[in-house]
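What follows is one structure encoded as structure tokens, with my remarks underneath.
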Amino acid sequence: MPATIPDKPGLEGLEATWSKRWDADGTYRFDRTQPREGVFSIDTPPPTVSGSLHVGSACSYTHTDTVARYQRMAGKAVFYPMGWDDNGLPTERRVQNYFGVRCDPTLPYEGTFEVPERAGRLPSGHRAVPISRRMFLELCERLVAEDEVKFEELWRALGLSVDWSHTYTTIGEGARRTSQRAFLRNLARGEAYQADAPTLWDVDDQTAIAQAEMEDKETPGAYHRLAFHRSDGSADVHIETTRPELLAACVALVAHPEDDRYKPLFGQSVRTPLYDVEVPVVAHRLADPEKGSGIAMICTFGDTTDVTWWRELQLPTRAIIGHDGRIKAAPPEWMNSPQALAHYAEIAGKNVKQAQTRVVEQLAASGEMLGEPRAITHPVKFYERGKRPLEIVASRQWYIRNGGRDQDRRDAFLRRGTELNWIPPYMKTRYDTWVEGLTGDWLISRQRYFGVPIPVWYRVDADGVVDHDARIVPDESTLPVDPSAEPAPGFDETQRGQANGFVGDSDVMDTWATSSLTPLIACAWEDDHDLFARTYPMDMRPQAYEIIRTWLFSTVVRSHYETDALPWKHAAISGWVLDPDRKKMSKSKGNVVGPMDWIEKYGADSLRYWAASARPGTDTAFEEAQLKIGRKLAIKILNVTKFVLGLVDDEATGTLEPGGRPDAEFAALDLSLLSQLASVIDEATAAFEALDYARALERTEAFFWRFCDDYVELVKTRAYSGETFDRWSATSTLQLALHNLQRMFAPFVCYATEEAWSWWQDGSVHGAAWPSRSAFAAAAGAGDPLVLDVAAEVLAEVRKAKSEKKLSLNTPVARVAVRDTPDRLGALAEATDDVCAAGKIDVLVTEAADEFSVTATIDTDA
RNA sequence: GGGCGCUUAGCUCAGUUGGUUAGAGCACCUCCCUUACAAGGAGGGGGUCGGGCGUUCGAGUCGCCCAGCGCCCACCA
């Protein structure tokens, strides 16, 4: 036995000592000799590498870790890799701010970049330095590498039992290869396609975005009532719009087919204010007679309804907003009057807000706006990370079919959702409503840089025009490729952009197009068939609910296509961590204390304890008080271990292997404890099997305090000074309970349990077998749980009597009378000596009664 | 507009198929240095289980209705 037990056990330094040891011993190494049924594989969310992790991440990753540790102890080879999601826009934005640069793909590679001295806090007014694409990518790589080191340090300190030899990054070679391979296969099967179509567009980042990244924000706006003129000169038609600046992009007016007010106008045309452009009046069921004046103008494109109308009514395209979010400079060819062009010239080059101001002034001057604008607040579509509303522009983009335009596929994905085990079950609703509400396919191309390149080139024809239908794709064996930096197969670099040459697709995939492949990346799909066969489909996907529509759904889509299977069996959905004031935690608020600060202050076990108290799927408020409780628990585990092990003197040692003696020799109170212990093991095991770590913790914890407060106190005297036989029963039971409790707490308080375990056991507690009642089944079966319950209740009453008389618990009691039902008195009789010893009771008498009561006569002579 | 979740002690939450006086921790109050633990321990006060109706011998637990909070989805001119 190892075992030097410190005089004053504490938590300080346990993280450093044990995480180092675990690393050296390979405690969490994945045993890849196990067949699939002996493996538990976890598709860990790769955290976004964007500066720092907050306490919410620490919380949900701990949830997963408790399950991983349970499964490992239950005998599974746990496949628990960790990834870093470093590609994509968040990193680009950080690099832009941190280094004060912007990517200009037309520039040549500089070779070096000098980091500004005050990096990260550039003076306001500083203008971003344009740098080449390659340099920009190098800076991205540099920054994420620094962050990933910090992230790993935190996860290790937190005690995540990750196998650190299995890590990946979403910009890494393996992820790029997997992303491109899957994309090429999607393309070959027709699941990926390119189309020139109206697209949600973020004007600040100048990239297309997907439906899943879009969100509504309540935004101030105003109704403007505008007059359209009838060609016969009769009364004007009034429409209401919140976007008068799009008047120049108007292609029609629309009203409901049954709206009698406008029926006579259908098929006729009207002329727009300011620009005098003739537009038809059309009918469509989506026009709401109740809204505004009941007739609306259709612009290309003001919102997604415009897109629907434009498509279904086959209207022309009159786009006036450029990719930079400004009104296009070129005069629209659909306007011909000098006056119209003059009006337009005044807004050309302005952003939409400036343009709106000017258009309103023009309308006021021309008398074509009725009354003042009417202020309202309405939902407007934003990119979830964006500051300005989305625009809709037509552009050529890549899509993956996700059921948004195809009922059969949609049904297939809904069925997949049904096959998945959702924890908690009601989270499936989010998946269903999202899939049912899809309005188009999944847009995966982004006009950005730090991402996985679309692995496609295009031929340039003899006239120097790019032919997007003449695609050139690489052989899978050459992946990953970068079409912007490498020539197309069969060409050389000098032919780039030349007639009869090629161009590379300059887009990258959205980060979700890679993240959706994490099970395939982690399990080394097509790269390591042996590993893949042992780990895929995976067992568990832990994630938060807000990315069900993105990460979870897109992963189901990709796995369905590549493996015709669900990527995992269970989806364990976690909630949010909220501030103590119930507001969603966010870094922007400042003053956020990071997980590492909490670990340093209270210990990793305390943070893990708090995290594991949050039930699956529910939001939790962060509470410092909870950390203190966890700390108390961890210290208690150390102290009670020290106490129990201290009882075992030389004479007793050696014979006291837990459960090593015939059950009949145990005292009734001890059997009673073992019977309760067995029940708790059953409950905790069942809870863990259902991935309900919080319940497992709660049951274990409740039993542990009952063990410390009541059982240990009751048998203390006997364990010190009882007859050999009675002593043995007590110390043996104490050790048996401890042996089980340490293992049951190991998934939660991984450091303190390891420390306590090391005082008397060989090996790591994290490699020990998960407790089972079968190890002491006969003893547990022989025990009556009532004995401990009644004994503890009587002891509590005696303590209460002393407490109310303000006496020390040490004070002797001359006589205690217990009135209770016969069966309970019978149970008490089995433990009378222990109760008397623990309560310092001279005489204990009992009397049958209907109700429980205790009278204690305190001996005040002392 | 449709849907999901929540509502139990001052606070944070348990309460698994309906079953004896509704639990825990924190906070608060009182007491105690008792041979593991004073960065401890032992006790105490505190709840008409959001409201209403119903099913039942019996409802915090099941059904319906209502309210408040949070969230998701929606074609939001």
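- Per the geometry, CG belonging to A:Asp432 stands 14 Å off P belonging to B:A74, to the nearest Å.
- Stacking of A:Arg819 on the aromatic ring of A:Phe852 is not recorded, the 6.0 Å distance cut-off and the 45° axial limit not both being met.
- A distance of about 22 Å separates the P atoms of B:C49 and B:G25, rounded to the whole Å.
- Here the side chain of A:Arg695 is nearest to one of B:G15, B:A77, B:U34, namely B:G15.
- Checking B:G44, B:A36, B:U16 against the side-chain heavy atoms of A:Glu683 singles out B:U16 as nearest.
- If you take atom P in B:U16 and the same atom in B:C6, they sit 13 Å apart, rounded to whole Å.
- Contacts of A:Lys636 with the nucleic acid, taken as non-hydrogen atoms under 4.0 Å apart, include base atoms.
- Atom CD1 of A:Ile423 is separated from atom OG of A:Ser574 by 12.0 Å, given to the nearest 0.5 angstrom.
- A distance of about 23 Å separates the P atoms of B:G18 and B:U8, rounded to the whole Å.
- Screening A:Lys632, A:Gln626, A:Arg631, A:Glu624 for a side-chain hydrogen bond (donor to acceptor under 3.5 Å, both in side chains) involving A:Tyr602 leaves a single residue, A:Glu624.
- Contacts of A:Asp216 with the nucleic acid, taken as non-hydrogen atoms under 4.0 Å apart, include base atoms.
- Comparing B:G43, B:A77, B:C75 by their nearest atom to the side chain of A:Thr242 picks out B:A77.
- From A:Asp306, atom CG reaches atom CG of A:Leu313 across 11.0 Å, with rounding to the nearest 0.5 Å.
- The side chain of A:Val640 approaches B:A36 more closely than any other nucleotide in the set B:C32, B:A36, B:C37.
- Going from the P atom of B:G44 to that of B:C64 covers 41 Å, rounded to whole Å.
- A:Ile298 places its CD1 atom 12 Å from the C1' atom of B:C75, with the value rounded to the nearest Å.
- Here, B:A27 and B:A42 have their P atoms 15 Å apart, quoted to the whole Å.
- The side chain of A:Thr241 approaches B:A77 more closely than any other nucleotide in the set B:A77, B:C37, B:G43.
- Using a 4.0 Å heavy-atom distance criterion, A:Asp709 is classed as a sugar-phosphate-only contact.
- To the nearest 0.5 Å, atoms OG1 (A:Thr811) and CZ (A:Arg799) are separated by 13.5 Å.
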Distances for protein N or O near nucleotides 20-29 of chain B N or O, under 3.5 Å:
{"unit_1": "B:C26", "atom_1": "OP1", "unit_2": "A:Lys632", "atom_2": "NZ", "d": "3.2"}

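- With a 4.5 Å cut-off on side-chain heavy atoms, A:Gln356 and A:Val360 count as touching.
- Nearest nucleotide to the side chain of A:Glu713, out of B:A38, B:A36, B:A14: B:A36.
- For the residue pair A:Glu215 / A:Tyr383, no side-chain donor-acceptor distance below 3.5 Å is found, with atom types taken as modelled.
- A:Lys802 places its NZ atom 18 Å from the C1' atom of B:G44, with the value rounded to the nearest Å.
- Both tests do not hold together for A:Arg727 against A:Tyr720: distance to the six-membered ring centre under 6.0 Å, angle to the ring axis within 45°.
- At a cut-off of 3.5 angstrom, counting only N and O atoms as typed in the model, there is a donor on one side and an acceptor on the other between the side-chain of A:Arg699 and the base of B:U16.
- At a threshold of 4.0 angstrom between heavy atoms, the contacts of A:Gln211 are confined to the sugar-phosphate backbone, with no base atom among them.
- Out of B:A77, B:G41, B:A36, the shortest distance to the side chain of A:Lys716 is found at B:A36.
- Per the geometry, CG belonging to A:Leu809 stands 14 Å off C1' belonging to B:G44, to the nearest Å.
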Discussion item. One pair to check against side-chain hydrogen bond (donor to acceptor under 3.5 Å, both in side chains): A:Trp760 and A:Gln742. What are the steps and the verdict?
Written reply: CA-CA 11 Å; A:Trp760 65 316; A:Gln742 287 179 350; 3.0 Å; yes
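- Taking the six-membered ring for Trp and thresholds of 30 and 60 degrees, A:Phe748 and A:Phe688 have nearly parallel ring planes, at less than 30 degrees apart.
- Across all strands shown, A:Ala287 has heavy atoms under 4.0 Å from base atoms, whether or not it also approaches the sugar-phosphate.
- If you take CG of A:Leu313 and P of B:C75, they are 17 Å apart, rounded to a whole angstrom.
- Backbone-only engagement by A:Lys806 is indicated by non-hydrogen atom pairs under 4.0 Å involving sugar-phosphate atoms exclusively.
- Residue A:Lys840 places none of its side-chain N or O atoms closer than 4.0 Å to OP1 or OP2 of B:A42.
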Worksheet item: Would A:Glu312 and A:His284 count as a side-chain hydrogen bond (donor to acceptor under 3.5 Å, both in side chains) if you check the C-alpha gap in whole Å, the side-chain angles of each, and the deciding distance to 0.1 Å?
Response: CA-CA 9 Å; A:Glu312 294 187 10; A:His284 194 276; 2.8 Å; yes
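- The distance from atom OG1 of A:Thr300 to atom CD1 of A:Ile392, rounded to the nearest 0.5 Å, is 10.5 Å.
- More than 12 heavy atoms of other residues, nucleotides or ligands sit less than 6.0 Å from atom CD of A:Glu218.
- Comparing B:A36, B:U34, B:A42 by their closest approach to the side chain of A:Ser803 singles out B:A42.
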Just the atom pairs and distances: protein N or O near nucleotides 70-72 of chain B's N or O, under 3.5 Å.
{"unit_1": "B:C71", "atom_1": "O2'", "unit_2": "A:Arg430", "atom_2": "NH1", "d": "3.4"}
{"unit_1": "B:C71", "atom_1": "O2'", "unit_2": "A:Arg430", "atom_2": "NH2", "d": "2.8"}

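- For RNA chain B, each stem of at least three Watson-Crick or G-U pairs (distances under 3.5 Å) is given as range with range: B:1-7 with B:67-73, B:10-13 with B:23-26, B:28-32 with B:40-44, B:50-54 with B:62-66.
- Contact annotation: A:His378 side-chain N/O to B:A77 OP1/OP2 distance is under 4.0 Å.
- Within 4.0 Å of A:Glu701, counting heavy atoms only, lies no atom of the nucleic acid at all.
- Which of B:A77, B:G43, B:C75 sits closest to the side chain of A:Leu286 comes down to B:C75.
- A salt bridge is defined here as a Lys NZ or Arg NE, NH1 or NH2 lying under 4.0 Å from an Asp or Glu carboxylate O, and A:Glu384 with A:Lys217 fails to meet this definition.
- Nucleic acid contact class of A:Gly292 (heavy atoms, under 4.0 Å, all strands): none.
- Among the atoms of the strands shown, base atoms are found under 4.0 Å from some heavy atom of A:Cys708.
- Following rounding to the nearest Å, A:Trp610 (CH2) and B:U12 (P) show an atom-to-atom distance of 15 Å.
- Summarising the geometry, the separation between CH2 on A:Trp576 and P on B:C4 is reported as 23 Å, rounded to the nearest angstrom.
- Counting non-hydrogen atoms under 4.0 angstrom, A:Thr308 reaches nothing in the nucleic acid.
- Residue-level contact check: A:Lys628 touches neither bases nor backbone, having no heavy atom under 4.0 Å from any strand.
- Heavy atoms of A:Arg615 sit under 4.0 angstrom from primed sugar atoms or phosphate atoms, though from no base atom.
- Comparing B:U20 with B:C62, their P atoms are spaced 16 Å from each other, to the whole Å.
- If you take CG of A:Leu645 and P of B:C37, they are 14 Å apart, rounded to a whole angstrom.
- Put simply, the side chain of A:Arg824 never gets that close to the backbone of A:Val790: no donor and acceptor are under 3.5 Å apart.
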